Protein chains: 2
Amino acid sequence: MVKTSDQFPSTEDKILDAAKKVFVRNGLDGTTMQQIADEARINKSLLHYYFRTKQKLFGTVLKYAFKFVVPQMRDILSSNDPIFVKIERLVAEYVDMLMKNSLIPAFIFHEINRNPDSIVQIMKEAGINPGIFIDPLMDEIRKGTIRPIDPRHLVINILSLCVFPIIARPLAQRVFFENDPHAYSRFLEERKKEVTNFIIASIKA
Amino acid sequence: MVKTSDQFPSTEDKILDAAKKVFVRNGLDGTTMQQIADEARINKSLLHYYFRTKQKLFGTVLKYAFKFVVPQMRDILSSNDPIFVKIERLVAEYVDMLMKNSLIPAFIFHEINRNPDSIVQIMKEAGINPGIFIDPLMDEIRKGTIRPIDPRHLVINILSLCVFPIIARPLAQRVFFENDPHAYSRFLEERKKEVTNFIIASIKA
DNA sequence: GTCTATATCGGGATAGAC
DNA sequence: GTCTATCCCGATATAGAC
């Protein structure tokens with residue numbers, strides 16, 4: 001999209017980086033063009049030069065967020081690992097990734113709920129289709145490795161257990177960990193094993 | 001707070017009802033005082049007469065949302081049912097309640113992530129403390145009804161499995177159910193049993 | 001308590017010089 | 001491509017009549 005090669009970051013890149021930060025933190029309505037310009041250390045009207053409107057700039061960032069959060073799952077799911085290893089890897093790597101980008105999930109869910117219609121298009125562009133998740137699980141059910149279960153429930157269960165603790169962090173950390181971030185990070189580390197066991201215990205044939 | 005008794009709804013009540021609707025749908029920044037006034041069928045400046053600023057009005061609604069979503073759990077948890085019945089009831093009633101108020105969770109999580117500091121106070125006022133969740137589970141672990149597990153993981157697991165499918169609905173419904181709302185509602189109904197089994201299978205001693 | 005009118009400000013977007 | 005200046009609108013909030 002933009003040459004980053006061996007150069008300084010281009011203006012467009014600076015804008016996109018800044019917009020990601022501010023939009024993800026504050027949402028569409030909570031963000032002003034001025035904030036983005038300041039963050040990028042450029043002039044406000046340059047934003048309009050590169051992206052004609054705030055909406056278009058936001059759309060670009062939203063697509064980025066989706067592409068950032070989804071494809072990793074697809075790679076793991078389509079690998080050749082045995083199913084229980086797949087689940088273990090999926091949980092571990094996904095929790096890791098979400099910990100490092102903890103604001104993105106809440107950002108996505110807010111905008112998903114506010115503007116659901118714009119999402120279909122973004123998902124298609126990102127190459128997401130249900131089969132990616134469903135097919136590998138159906139195989140295992142047929143093989144008898146895991147008990148018969150609607151694979152959609154299983155997918156939602158796995159995602160729930162990984163994503164929820166991240167978006168609920170500001171609350172859960174205060175309620176259960178006296179607002180100690182290190183304690184909560186350890187808790188999330190523990191969860192990798194805990195969630196894996198939790199899932200496997202409930203689907204083992 | 002306001003007399004609702006045998007009267008028409010007071011102006012203050014009309015405002016609060018309207019504000020709940022609009023804020024929950026659009027968030028703090030996405031909502032204008034004009035929208036609330038229209039929804040309440042009153043004049044814009046009356047909003048400022050009753051609640052001096054938009055912020056204060058929003059704070060009132062946020063507290064309401066918390067009090068709405070949390071105490072029900074506490075009642076079930078502190079009941080005398082055996083633990084597996086408790087879990088079954090908790091899942092069923094909580095999913096039901098969230099289905100009927102599906103915009104509230106996303107609203108709460110967005111604001112939780114944007115303004116974490118204001119939450120401590122709200123939680124204290126709502127009478128939330130960790131023991132409510134933890135204590136009943138610790139009892140069961142001691143009695144040997146359920147296997148040893150950090151009760152905080154268990155609490156987070158239960159909440160994850162109930163709440164996530166609601167806030168992810170606009171996305172999941174499109175990906176897995178061709179955007180058919182009835183199909184997704186049936187899916188959520190199924191989940192009550194599915195999630196209960198899922199949890200119990202993983203913690204039975 | 002409720003309304004109309006208005007003050008004040010900030011935000012998105014454009015024009016036009018360089 | 002980048003900047004300054006400006007337009008225009010909508011939003012919060014207040015003043016003041018009734």
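The chains referred to below are lettered A, B, ... by the order of the sequence lines, with proteins before strands, and numbering in each begins at 1. As the structure is a computational prediction, the values presented were derived from the model and not from experiment.
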Heavy-atom neighbours of B:Lys86 NZ exceed 12 at 6.0 Å: yes
Exercise: identify the closest heavy-atom pair between A:Ile132 and A:Leu77: O-CD1, 3.9 Å
Aromatic contact, B:Phe164 with A:Phe109 (centres under 6.0 Å): yes
Residues in side chain to side chain contact (heavy atoms under 4.5 Å, CB included) contact with B:Lys56, at least two apart in sequence or another chain: B:Arg52, B:Thr53
Touch class at under 4.0 angstrom, heavy-atom based, for B:Ser45 against every strand present: base
Do any N or O atoms of the protein come closer than 3.5 Å to N or O atoms of nucleotides 6-9 of chain C, and which pairs are they?
none

Sequence-distant partners of B:Lys20, salt bridge (charged side-chain N to carboxylate O under 4.0 Å, His left out), two or more places apart: B:Asp17
Distance-only donor-acceptor check, side chains A:Gln121 and A:Glu125, under 3.5 Å: yes
B:Phe107/B:Phe23 aromatic ring centres below 6.0 Å: no
Members of residues 50-58 of chain B that approach DNA chain D, where some heavy atom sits under 4.0 Å away: B:Thr53, B:Lys54
A:Asp96: partners by side-chain hydrogen bond (donor to acceptor under 3.5 Å, both in side chains), with sequence neighbours left out: A:Lys192
Sub-4.0 Å heavy-atom contacts from residues 27-41 of chain B onto DNA chain D, ordered by number: B:Thr31, B:Thr32, B:Met33
B:Ser45: partners by side-chain hydrogen bond (donor to acceptor under 3.5 Å, both in side chains), with sequence neighbours left out: B:Asn43
Start and end of the DNA chain D segment that chain A contacts, any atom under 4.0 Å from a heavy atom: D:dG1 to D:dT4
Nearest-angstrom distance from the residue atom CG of A:Asn43 to P of C:dA13: 15 Å
Results of ring-ring contact (aromatic ring centres under 6.0 Å, His included) for B:His153 - residues two or more places apart only: A:Phe187
Contacts of type side-chain hydrogen bond (donor to acceptor under 3.5 Å, both in side chains), residue B:Asp117, not counting sequence neighbours: A:Arg174
Any pair counted as side-chain hydrogen bond (donor to acceptor under 3.5 Å, both in side chains), so long as it reaches residues 68-77 of chain A, sequence neighbours left out: none
Sequence-distant partners of A:Arg41, side-chain hydrogen bond (donor to acceptor under 3.5 Å, both in side chains), two or more places apart: none
